Amino acid sequence: MAAFQEPAMDKRFPQYDELDLPKVAEEVLKQWEAEDTFGQSLELRKDAPPFVFYEGPPSANGLPGIHHVMARAIKDIFCRYQTQKGKLVHRKAGWDTHGLPIELGVEKELGITKEDIGKKISIEEYNAACKKAVMRYTDVWNDMTRRIGFWLDLEHPYVTYKTKYIESVWWLLKQLYDQDLLYKGYTIQPYSPAAGTGLSSHELNQPGTYKPVKDTSVVALFKVKRDAKSEFLFADAFGDVFIMAWTTTPWTLPSNTALTIMPSQLYSRVKTFNPYTGEPQTVILAKPILLMGRYFQEKNNPDFLREIARTLGPNEPDPFRVYDGSGKNIPWKRAGEYYGYDLEGIRYEQLLPYGTPEGGDAFKVIGGDFVTTEDGTGVVHTAPSFGADDMRVARQHNIGTLTLVDLQGRFTKEMGEFAGKYVKNEYYPAGTAPEKSVDVEISIKLKEMGRAFKVEKYEHNYPHCWRTDKPILYYPLDSWFVRVTSKKDRLIALNKTINWKPESTGTGRFGNWLENLQDWNLSRSRYWGVPLPIWRTEDGDEELCIGSLKQLKEEIARSVAAGNMPADPIAAFDPADMSDANYDTVDLHRPYADNIVLVSPSGKPMTRETDLIDVWFDSGAMPYAQLHYPFENEADLKEKFPADFIAEGVDQTRGWFYTLHAISTLVFDQVAYKAVVSNGLVLDKNGQKMSKRLGNAVDPFKTLDEYGADAVRWYMISNASPWDNLKFDAEGITEVQRKFFRALFNTYNFFALYANIDKYVPPSPREKGSGDEGALTEMDRWVLSRLNSLIKLADTNYTEYEPTIAARAIQDFVVEDVSNWYVRLNRRRFWKGDTGTDKSAAFQTLHRCLEVVAMLSAPIAPFFTDRLYRDLTGACVHLSDWPKADEKLIDTELEERTKLAQQLTSLVLSIRKKEGHRVRQPLQRMMVPVLDETMRKRLSAIQELVLNEVNVKELVMLDPSESKLAKKIKPDFKKLGARMGKLMKSVAAAVNGFDQAQIAALETEGSLQLTVEGQEVELLRDDVEITAETIPGLSVASDGQLTVALDITLSDELRQEGLARELVSRIQTLRKESGFEVTDRIHLHILDVGDARLTRIVQQHSAYILSETLAVTPEDQVIVSSLPAGSPGVHQVELDDTLQCALSLVRSAN
RNA sequence: AGUCCUGUAGCUCAGUUGGUUAGAGCGCUACACUGAUAAUGUAGAGGUCCGCAGUUCAAAUCUGCGCAGGACUACCA
């Protein structure tokens, strides 16, 4: 063992004047880049088992915000941790380059609208502009990524618009196609007739699109056809039988093809009159609606009227017979009730027979889960063409559709007198709208036909096109779908194997989403995206899905041969050549893909379906497409799929998390990721969402400049769990800097200061564990025990994706255990005495603590900890192996008794404060009642420590059984409650009322009989807690079961000793003020002012005073009759209120 | 509208399987300590544990119904 040596350099451990985290980050970053530390970390683990991470591609056409710092920090933490744990962690960057946000940005920039595409600007030019725009901010993103310390392979990102990437996407689509999981069908989409384009949900979610509007609503009457199925409704019939259904869009009534009811709901049959024609009729509606009185008021119920009549007089006429047909106070009468499922399958007459439905049955009552009794009649008028729910339920029941509105928003020619009219008045050019909207006209027509029950204005929110400001329609458009619903069970089953953080996102938000799964609408009528690789003949009878460029090239060759195309547009491409240069000769975007015409098996030309695919499919394809699978790297996929871990914002739950899961389940029947962390939002400090509009967005670069990435990351992680929303407050970062980083920094600086002075050399790794274990003190072993417990705790929590718990534990350890306890109580060992084994043990212990803390914190604060670790060991922390907890060093008993010492110390200091005795004044005695043997043992072990810390001479243990301590008794509710049950309250009251004699009796007897509420109960010693409360005549404090008494009488000796300490304290302060180094020796002289107290103090304690202040003055020369006049080393000091003196201190020559 | 998250001191957050004095840090006030410390110690002020109802001997904790903030999905007669 050679702990103290001449080092090669002057100062082995660098010391710093101040903590500048941004500067540290900058310097360390340069070092990483110079040394390619990231590359080294991969090289180091190149043969290690992989830990697979996927980077969710951000869209690089927007600037990064502070929330991206959060998301990227989380990703980085677990990748670094796993690297330290010995795994190989590849992290490939990626960019999401397609989609609407990019198109919108480009349109804004070029000052064009969607309609201009293909007219003012060619698709080719448009897409070129998108391609250029999309990587605009990559530099800014890369810069932020580097600055926050996120290790990511930015040199070789996957980019979704690259031909190789698209080829993999096509391959995946082909896999789906071959499994019959891709189909074309109608879907109801938000559509703006004014703009002539479908709208995405993104567009629909623009602010201000939903506006309150007043529409004409109608309760229409659908006439039931009388047949075997409906016969029961005609028993005792009163006129025709109708089903009532409500709509706020009367223009959809001609396109009605079904009525939807709730199968489990009760429906009532009601006899009444038509309000507009006065004809007798029988109607059907949901029973709760009837009872609500929305359409039928109780006062018009004949049963009720007759009842009143009876009380008034005998010969009142039957109101049902004498109804005047005025439409007011229409009598009605209940005539039976049925469940919804009794009504299912009943047929009715078409309400407005303008058109004939296609593709299935029609005019039938069906069951659906979306029907409520909130609005309307409990029966939903179902027009599959104009409602998503309608379409879905119609499909389930094989109901046909009727679309009597064209793409301009006008009624079609079948619509007779309505043909050519716009269904919404807003669609007419300004000033040309008719007085009566078609909604009103249809209502009037229904009234005249006797098919209306009620017509009124209804105010509700309705979406508007954000560009034209006119109401949108829901309209059926041709779309391609992925049949995810056919694999629903598999999706759900596989999801259950995923480790979601937090769990509720997986079971709740994501689980529910899967339970209510709809087929995935892949189609987008856009320009900048992956084209759908499906070619069709004009009649749609023959189609071909292309799954590779090779296949495409072959088909092109056939087509050229058949004379459909003059030449092969990708002639330069060689399918066997995987070079980028080769792939760069091909562009699969529009319009190039559209220009390719293939030939069908029967020889007909086939053109591409013009749709693009949903950009979410691009990102969900990244596990495969980033490798250009299966065309390259086929073997790699085994190692790089599925991911062990991914992380993104919770807003990706139904976005990227879903598309990854869906594609991997459908194509590979596997999960795409084993664990996923979904982080919450970053809000401003008031809990408001950050937005440019509100001006409360935080600039990530400014924040990093000001505080450094380490503090920002530590703050974000330690403040709240990643999945909780973070209220971002810069004050919090300052606090983290002050508390955690400064404590760590100061502790290191303290270590470096004395380690350099003593030329301490830490043991090499090989020597570790064979060094100075024998010389370790109680406190060394304590802090090492805490340290090893911390290693275990941090390890578990990083493994379980709980970084917040790890960060908080590390922070507590550094601030409380190391800085405020271990270093404070042990500092003398570092600067006092010889360089012996005790000192070496202290250095070794502190060194170990700092080194391990650096390793445990490295995932979260990568820059500062690397600097710290390098300063301590010369190596890079990110290339280090995660420390192993040494169970042998974990001593819970030791941790317990140290806790007792800390409590005792705190109590004594509290008494000192109360009594006005500063800690420098020694006191004679403290007394502690001992509750049991364990406590006695603990006290003996820690008494030195406590006495030192609180400056008391002796600790007396009091045996509670023989002492005259006053006791306090408290029931143990948990134990007693279980036994006593209802008597608990009375028993507690009785116990709290015990006097000292009763307590003593219980203690000696072990049990006590009580009579409570007339019942005999037995109280056991274990049912209560008995504590010593006061010690008569002494100053006392207590905390829980622990009580301390302090003897505060001061003898002359104690007083003198106190003054000696005061003197030392003054001299130390002067040393510091004079700018002396801690190692400087001094000459100390004290002027004899003739006060006997002073001379006695100096005589009695001179050895102590001299050694504490590093004075080299001989003991008998301290007191002098005169000080050198005018010397800069002369000072007046005050020891207490009555004692003053003058002294001089001068730096000694050696 | 549905699903999910959050609601505890002025602020940021802990709070075990329900157990009676609900905690910590920051901030504030006062005092002390300081030869590593813009540190620390002690004390004080500060609470309708979002509300209501229920289960229970006992609810911050469990259940139900609401309220507020947030997220996502949907927008439906």
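Owing to the predicted nature of the structure, the values given are computational and were not obtained by experimental measurement. Excluded from the calculations below are hydrogen atoms, water molecules and symmetry mates; all remaining heavy atoms, backbone and side chain alike, are included. We name chains A, B, ... by the order of the sequence lines, and we start the count at 1 in each one.
For A/M984, the listed nucleotide lying nearest its side chain is B/G19; candidates were B/C26, B/U37, B/G19. Counting only heavy atoms from C-beta on, A/K974 has its side chain closest to B/G19 among B/G19, B/A71, B/G27. The side chain of A/N512 approaches B/U3 more closely than any other nucleotide in the set B/U3, B/C57, B/C26. Side-chain proximity of A/F973 to the nucleotides B/C13, B/U12, B/G19 is greatest for B/G19. Comparing atom distances between the A/S504 side chain and each of B/A36, B/C4, B/A14 picks out B/C4 as nearest.
The aromatic rings of A/F751 and A/F843 sit perpendicular, their planes meeting at an angle over 60°, well past the 30° parallel limit.
Residue A/V823 is in base contact, counting any heavy-atom pair closer than 4.0 Å across all strands shown. Among the atoms of the strands shown, only primed sugar atoms or phosphate atoms (P, OP1, OP2) are found under 4.0 Å from some heavy atom of A/W513. A/T248 comes within 4.0 angstrom of sugar-phosphate atoms only, judged by non-hydrogen atoms across all strands, and of no base.
The distance from the CZ atom of A/F750 to the CD atom of A/Q15 is 11.5 Å, given to the nearest 0.5 Å.
B/A38 atom P lies 14 Å from atom NZ of A/K739, rounded to whole Å.
At a cut-off of 3.5 Å, with distance as the only test, no side-chain donor of A/N495 or A/Y658 sits close to an acceptor on the other residue.
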